[in-house]
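Reviewing the structure listed below.
For the single chain, residues carry numbers from 1 onward in sequence order. These figures come from a predicted structure and were not determined experimentally. Note that ligands are numbered from 1 as they come in the structure, with each ligand's atoms numbered from 1 the same way.
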Amino acid sequence: MALKTFSILSILIFLCVSIEAIRFDNYTLYKVLPKSLEEIKILEDLQNSGAEYDFWDDPVPTAEYINILSKPELKNDLENFMGSYGIDFLVTVPNIQKLIDNEKKGKYTRNNDKSMKWDEYYDLEDIYAWLDDLAAKFSQVSIIEGGTSYEGRVIKGIKISHGPDRRAVFIESGIHSREWIAPATTNYIINELLYSDNEEFKAATRDFDWYIFPVTNPDGYVWTHLPEGDRFWRKSRRPFGDQFGVDLNRNWNTNWLEKSSNLNPASNNYAGPGPFSEIEARSLSAYIIDMADKIDLYISFHSSGQILLLPFGNTTDPLANYYDAMWIGRRAIGALAFKHGTQYTIGNIAEAIYFATGTSVDWVKERLNIPLAYCYELRDKGVFGHALPPDQIKPTGEETMDSVIELVHQAKRLGYMVPYVEKSSASVLSVSILMYLVVAAKLFL
Ligand SMILES: *[C@@H]1O[C@H](CO)[C@@H](O)[C@H](O)[C@H]1NC(C)=O
Ligand SMILES: *[C@@H]1O[C@H](CO)[C@@H](O)[C@H](O)[C@H]1NC(C)=O
Ligand SMILES: [Zn+2]
């Protein structure tokens, strides 16, 4: 009896402890606006000092602003620090827990793919259920598995295909789990590809195969949704001593560990113990290798900063087809601005944002020679960052869809993408008549 009471008690205590949420009450989001390289250096030193600030952007020479999340106990220190060096800053979100509380969590209803809403964020289970329902509903849609995660989850995606012999567009998103707008935007694009009446969207769906993975870091994504998890978790969830996770977009086998990555498991840019050490990046890359000769266009979705990036991240040199890729990309960000006026910048990773290596877009470009590879840093530009309010999902989805379609359009014009052309029945007929004639000629001569 006593034992029983004891074990029930310990279960209760365990439950209480395990559902204790990581909360962000009175955590403040700052937008820091450095005016000079000296100020950027000072911020870089602060980031490297081990102080417990969460830098959402790295203080790099090209940085227009840097979002820093501070816990309440450290806010005074941070403000005094910046004050003492005359560094300008704004408070964009005084209490970020309030934004988290207002993040409407969607609830998807099984067998009703229209119950997916575009002003709510969904958890992994709902997204996967929605993909399953789309596959059941549309003959052109099938479920694909791009790999597995450390905790044993499938990296689930869908393939949209209107028939054989099509070139492919590959979309990978959610590799950084706290960037919730990325999977939401990817889902929006899937929905448009399947349901839109827009003739250009329909043609893109018909003329190419689409391989789409909304959440390529499923463990991390689940962790950002769990009550006992962490809304601002970026990495995977594999344990390393008392630390967790690898930055899966530093783990690809291309110039691994050279830039903006390190071997410290406590860091948000931990590159892992070796290139492709992580099952998520390794298994997804194996999937991509198997179909690489089909892919004309590779897209990776991240947030934030409103930047369209292209390879490479190790140098500002204009390597490979840089000028063509820039030309196409410029038109894509023009199309993106059309509906809501959202302004993007563009450049290769190293010139537009920072030197960073071991990323998926560099890997597909370097190792697989995929003609066009882009990485979107979606909305916004320093106000809400990773806590982008859900009322921005729909406009972000709309403008990004316009931009992706423009990528396809311009890539076709430059000959980088060749749409499928239906073999007309007339030509099939004339070929068969010709064959008859040949056979007949052989018989009679
Ligand atoms: C947050 O700050 C407000 C105002 O300073 C204070 O009243 C409140 O107790 C704080 N909340 C927490 C959970 O610390
Ligand atoms: C950058 O990476 C590319 C692709 O791996 C390589 O061809 C190039 O030589 C590298 N450049 C520098 C400066 O490291
Ligand atoms: Zn990211």
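Side chain of Thr357 to main chain of Lys259: a donor-acceptor pair is present (N/O by atom type, distance under 3.5 Å, no hydrogens or angles). Asn67 contributes a side-chain N or O that, together with a main-chain N or O of Tyr30, makes up a donor-acceptor pair within less than 3.5 Å. Looking at Thr62, its side chain does come within 3.5 Å of a backbone N or O of Ile353 through a donor-acceptor pair.
Applying the salt bridge (Lys or Arg N to Asp or Glu O under 4.0 Å) test to pairs two or more places apart or on separate chains, none has a residue in residues 341-353.
Geometrically, ligand 2 and Thr315 share no nitrogen or oxygen pair separated by less than 3.5 Å. Geometrically, ligand 2 and Glu258 share no nitrogen or oxygen pair separated by less than 3.5 Å. Of the N or O atoms in Thr254, none lie within a sub-3.5 Å distance of an N or O in ligand 2.
Neither the backbone nor the side chain of Asp317 comes within contact range of ligand 2; no heavy atom lies under 4.0 Å.
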Hey, mind stepping through Met291 and Asp209 against side chain to side chain contact (heavy atoms under 4.5 Å, CB included) and telling me if it holds?
-> CA-CA 11 Å; Met291 54 163 301; Asp209 283 350; over 6 Å; no

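Ring-centre distance between Tyr122 and Tyr108: not below the 6.0 Å cut-off. Ring centroids of Phe170 and Phe213 are separated by less than 6.0 Å, placing the two rings close together.
Geometry at the Zn ion (ligand 3): ND1/His176 and ND1/His302 form an angle of 100°, nearest 10 degrees.
Note on ring orientation: taking the six-membered ring where Trp is involved, the planes of Phe24 and Phe232 are perpendicular (angle over 60°, cut-offs 30° and 60°).
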List, for ligand 1, each N/O atom that has a protein N/O partner under 3.5 Å away, with both atom names and the distance.
from: ligand 1; atom 1: 2 (O); to: Asn26; atom 2: OD1; distance (Å): 3.2
from: ligand 1; atom 1: 2 (O); to: Asn26; atom 2: ND2; distance (Å): 2.3
from: ligand 1; atom 1: 11 (N); to: Asn26; atom 2: ND2; distance (Å): 2.9
from: ligand 1; atom 1: 14 (O); to: Asn26; atom 2: ND2; distance (Å): 3.4

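Checking Glu179 against the Zn ion (ligand 3), an N/O/S atom falls under the 2.8 Å cut-off.
Partner of His176 under the side chain to side chain donor-acceptor pair (under 3.5 Å) criterion, chosen from Asn249, Asp247, Thr224, Asn268: Asp247.
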